Each structure stands twice: as C-alpha cells, then as structure tokens.
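Bear in mind that the values here come from a model prediction, so they are computed numbers and not experimental data.
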Amino acid sequence: MQSLIDILHSNTNGESEDIQDKKNYTVQAAEELTVSSSLTTSQEQQDHSNNKKKVNELNRSLTARQVSMISIAGSIGSGLYLSSGKSLANGGPLSLLLGYSIIGGLVYVTLLSLGEMSTLYPVSGSFCSFARRFGSESLGFAILTNYTFNDMVSVASDLTALGIIIEYWNEHFHYWIAGLIVWGGLLFLNIFHVRFYGEMEYWLAILKVITIVIFFIISIVVNAGHNSMHKYIGFQYWSHGDAPFVDGFKGFVTVFVSAAFSYGGTESLTLTAGEAKNPVRNTPKVIKTVFWRIVIFYVFSMFFIGMNVPYDYPNLSTKTVMTSPFTIVFQQVGAKSAGSFMNAVIMTSLISAGNHALFAGSRLLYTLATDGYFPKIFAYRSKHKVPVVSVFCVWACGGLCFGSSFIGAGTLWSWLQNLVGVSNQLSWLCILITSVRFRQGLKKQGKEDYLKFKNWTYPYGVYFAILLSVIIILIQGWSSFAPWNTSDFFSYYIELFIFPTTYLIWFVIKRDKWVSSEEMDFEADLYVQTEEELLLNHQLDNLHGWPKMRQYISDYFV
C-alpha cells in the first residue's frame, strides 16, 4: 500500500490543479486505507491469507467486460430462440408474455439473493457451496449433483437443437455430424486457459445483443405492414382463433417450464466469480443488470413474437421440426436470406450456450471433489488452474446424452427441455431458501455489516418468491393429467423424485443435520480485497461525469 501512495505522490510536475486535487484526494483515501489495515491483528491477517488462498484456487483471469458479457451469453440460447415457439403454440400470445414475465420476476429476486452471498464468497461452487454451508451437507450434495447433471444435459440439448436448426436448410442432412464438430470445439475452448472460454463468450454475446436489437427493429417494421402479406398486423393475432389464451389455464401453466428452461443459466453467472478479477465490485455490478436483461431480452422478445407470429403457425411446435419464431419474423420481411441469417445466429447462440454449460458443469463437478463428495481426481487442475478432469467428464457425459438423440431429435429435445427447466426451478428454490438462512445466520451472529451488496427485496420478496416457486413447480405439468400422458408426466415431474433421492443418499451416509444459525461459518472463503483492489474501487466509486461514463464503457466493451 505504501508503494502505491509513493507512486501517487510522484510525477505531479506539470499537471493541472484539477488533476493534482484528484490525485491528492486519492492519496488521502489510500492513506486512510493504510491506517485502517494497520489496525488488523497478525492473527486476522493470517486468517485473511488462508481465506484468500481458498477462494483463489482457480485462475482469476476473467475481466469485467468478459464477466458482464458472459452473464448475457449464459441467458440467451436455445431456450429463448426455440422454446418460445413451443410456448406460443401451447399457450398463446398473452400466456407467453405473462409466463415469461412471472418467471423473469422470480429469477430477478433469486439473483439478488445470490448476489449477496457471491459478493462475500466468490467461490467456484457458488450457490451449490452455499447450500452446504448455510443448509446441510445433504442439501449441498443434492443441488450439486442435480445441477451438474443439469449442465451435462444442457450440453446435449444444445447439440441436439443444432440438428433441429439445420433442418431449416436441409431436412436430410446428417445433423449428428455438425453436433460432433461442435462437441469437439467445446472441449478445445474449455480445456486450456480460462481466457479462451471468456473471449469466445464475449464475442458471441456481442453478436447476440446486436441480433436481438435488429430483431426488435424488424419486428416493428413487419408489424407496421412491410411483410409478405403486405398488410398492417397490429394486435390481430391476439384475437386470432383461441388467442390470447390458448387451451385456458392448462395452456398457460405449460409456459412456465419452457420459460424456466429459457432463463436457465442466469443463476450460473455467479460461477464465474471463482475466476473473476475484483469480484467484490464486478459481481454486484453484473447482478444489477439482470432486471434490464430480463425486460429487454425476454419480455420484449415475447411481446414482439406474440404480435407477429400466430400461435397456429405451421410446424411451430412438432415432434420432428421446431421453427424458431425469431426466424419466422425475419422471413416475413420477404427475403429468404434474412431467415437464413437469423438461423445462423441461433446456431452460434447454441454453441455459446453449450460452451457456457460445459464451463459451469465442470466447475460444479470440481466443487463436488473439493467439498469431499466425489473423488479428489475431479479436483485435479492443469498448470493454468483449469479443472481438466472435470471438464473431460462433463464433456463426455454431454456427448453420451447427445448420442441418444438418434431416438428422434425433436422428441429428445422436448424431454431435455423439461428436465433442465424443472432442475432450474429447483435450483432457484434452493438459492432462495439458502439466502434466508444466510441472512438469519448473519443477524444471529451480529455480522450483518459483512454485507457488501444487499437484496433490496428481502425479506418479503424472497418469501413470496419461495411460495411462487413451489406453486409453479407443482402445477406446470397440469397438461399431462387431462388427458393422461405418461411420457409428459415424467418429463415434468421426474426431477421431483431425483432431487429428494440424492438428498436422502447423502443423509443416509452421513446422518448430517442442518447447520444452526449460531454455528454458521462466515469466515472461511471470505474474499479479502487486495490493496490494489481497495484503491482502485475507491477511485472508481468517486468518478463523475465523462470519466464515469468512459469507465462504464470500458467495463463492458474494452
């Protein structure tokens, strides 16, 4: 710290008074930080050193711009582009809009709750590790194994969806060829330095954002009358046939699982905290953007889809071909090339989503090993601190699941979508429950001042979200009961059997109890900012005007 102050004191000749005043202000702040740090006892310094070692086991090379864009890339994939078509066909335009808005609100509260914990403890396992620390070992094992399986299945679902997308150009193409090529590419991006993963996600995310903006513009143009029918559309599809609610309440609740599948990945953005620079500042910043991402990328998209695509559009949702509403809207401008462009973007989004799922799944498998659930071999890291054994395992299992797509890509993809969707909902529920216990423990031990980022909806928003999650999980499979459909029933509810089973397996082995508020450990893995980070964050917090805007642009794009 002293060296930083010396640097700031030096090289002031020839500077303007304004710059010198700012530098003097920064020097004063640094001196205050130095005095504060000198009050820390030698024992506390040792504890901080041990904690820092624990949370720095992986390579912290993901920059602010990469983490910010990864948070966008992780939430835009096959779910948004393909599941929206199935939801529109089953529920109609208003069910589509309301369903995605409700799930979006649930996800927002969940991410605020997760942000509180991840800012203090930026560990690789994120919410899965928190379930063990503030819940029980059995809960931690259940959510870790289920979410790791979730990511393995997500890799397979994205590879399977590639085949469905390719059918747009050639129904007789051997889709598995493209799947195998992408499967091999995903391993390359994840097996080496984490910068490969981060940089790939960054550029793919930019492409997604640009495409969504173009989609909004084209949607307005198409709706205004520049379409293949040469007429103004307006809201006529909201009163077309059985719209706006198709199949009543049963159609409405089926949207939830598709929406949950689409939003899947938003919660896993905190998994990057284990490999992010300056997580105390960057994690809250990313969390705060969740609301706008939900509104812009999901709610607005569903609004425009419902306006421009009728729910009974041919092949919108079948067992063999699933046409993306995004592609349909691009086609309506009258150019085949426009639809091909959108389809190509969807393909890159599938690659990005598969890349993100492989990254997240491997970090969770790594956490299973470091937390003592799985053999230590899965915790082996390369010289670049990449958990290579875990990467290979998740990659291989995802490939095996993809191999089962020979039973029929459309049928398998529908099953995978439901499995992942329900798994996401169970994860959100566990995050919310863990968050409540986390807050209760802090209050009981008088450590609420530890919070560097607070969920402004706590406690009422969190409790309401818990209740809403339970209701949605139970009612969303309503369509499988009347008429009875065994396949649909298990696709909606099999996770409700798997999750408790994994919990009971570890409980039978360990006979563990839920940790009490008094016994919760708030010191282990607590991230301690370096002197450089403290000084940098102090400077950034006091920027105003153009310097603040320039820093904002730098965080996201430079």
Rounded to the nearest 0.5 Å, how far apart are OH of Tyr493 and CD1 of Ile498?
15.0 Å

Distance check, rounded to the nearest 0.5 Å: Arg132 atom CZ versus Ile143 atom CD1?
13.5 Å

In terms of heavy-atom contacts, Leu144 and Cys128 come closest through CD2-CB, 3.2 Å

Residues forming a side-chain hydrogen bond (donor to acceptor under 3.5 Å, both in side chains) with Trp506, sequence neighbours excluded
Glu137

Residue pair Pro325 / Leu316: nearest heavy atoms and the distance that separates them
CG-CD1, 4.3 Å

Which pairs would a plain distance check flag for residues 466-481, meaning a side-chain donor or acceptor within less than 3.5 Å of a matching protein atom at least two apart in sequence or in another chain?
from, atom 1, to, atom 2, distance (Å)
Ser469, OG, Ala465, O, 2.8
Gln476, OE1, Gln425, NE2, 2.7
Gln476, NE2, Gln425, OE1, 2.6
Ser480, OG, Gly477, O, 2.6

Going by side-chain hydrogen bond (donor to acceptor under 3.5 Å, both in side chains), name the residues that satisfy it together with Ser228, two or more places apart in sequence or in a different chain.
none

Restricting to non-hydrogen atoms, name the atom on Phe297 and the atom on Val209 that form the minimum distance, rounded to 0.1 Å.
CZ-CG2, 3.9 Å

Report the residue from Val394, Asn355, Val391 that forms a side chain to side chain contact (heavy atoms under 4.5 Å, CB included) with Leu186.
Asn355

Minimal non-hydrogen separation, Leu80 against Ser301, with atom names
CD1-CB, 4.4 Å

Could you note down all residue pairs passing side-chain hydrogen bond (donor to acceptor under 3.5 Å, both in side chains) where residues 95-115 supplies at least one of them, sequence neighbours left out?
Tyr100-Ser262, Tyr108-Trp456, Ser113-Asn455

Can you label the angle between the Phe326 ring and the Phe215 ring as parallel, tilted or perpendicular, going by 30° and 60°?
tilted

Applying side-chain hydrogen bond (donor to acceptor under 3.5 Å, both in side chains), name anything that partners Ser154, two or more places apart in sequence or on another chain.
Asn150

Any donor-acceptor pair under 3.5 Å linking the side-chain atoms of Asn146 with those of Ser423?
no

Which residues pass the side-chain hydrogen bond (donor to acceptor under 3.5 Å, both in side chains) test with Arg439, sequence neighbours left out?
Glu116

Non-hydrogen atoms of Asp242 and Tyr311 that approach each other most closely:
N-OH, 3.0 Å

How far does CZ of Phe261 sit from OG of Ser87, to the nearest 0.5 angstrom?
11.0 Å

Kindly state whether the ring of Phe245 and the ring of Phe249 have centres lying under 6.0 angstrom apart.
no

